[in-house]
Amino acid sequence: MELGKYADTVLSTYAVSLALLVGLVVWTILRGQKIRRELRKIEERGHIDG
């Protein structure tokens with residue numbers, strides 16, 4: 001399959017985009033876990049009114 005003279009540019013752009021998307025997903029998951037841990041600590045201390 002021939003992708004043309006811009007194949008390197010297009011494929012590298014796809015690779016960078018995919019890497020950024022994966023990075024955002026990983027960052028979101030890790031941040032969510034951190035926030036859940038922090039909320040759990042706050043709830044255990046009883047600082048949430050309710």
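It should be emphasised that the depicted structure is a prediction, and the values quoted were computed from it without experimental measurement. Hydrogens, waters and symmetry mates are skipped; everything else that's a heavy atom, side chains included, is used.
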Exercise for the section: Under the side chain to side chain contact (heavy atoms under 4.5 Å, CB included) rule, what do Leu3 and Leu11 come out as? Steps first, then yes or no, please. Expected result: CA-CA 9 Å; Leu3 298 176; Leu11 293 177; 3.8 Å; yes

Problem - Counterpart residues, side chain to side chain contact (heavy atoms under 4.5 Å, CB included), relative to Ile35 (two or more places apart) - result: Arg31, Leu39

Distance-only donor-acceptor pairs under 3.5 Å for side chains of residues 12-19, two or more places apart:
{"unit_1": "Ser12", "atom_1": "OG", "unit_2": "Asp8", "atom_2": "O", "d": "2.9"}
{"unit_1": "Ser12", "atom_1": "OG", "unit_2": "Thr9", "atom_2": "O", "d": "2.9"}
{"unit_1": "Thr13", "atom_1": "OG1", "unit_2": "Thr9", "atom_2": "O", "d": "2.7"}
{"unit_1": "Ser17", "atom_1": "OG", "unit_2": "Thr13", "atom_2": "O", "d": "2.9"}

Exercise for the section: For Gln33, enumerate each residue passing the side chain to side chain contact (heavy atoms under 4.5 Å, CB included) test, keeping only those at least two apart in sequence or located in another chain. Expected result: Ile29, Leu30, Arg36, Arg37

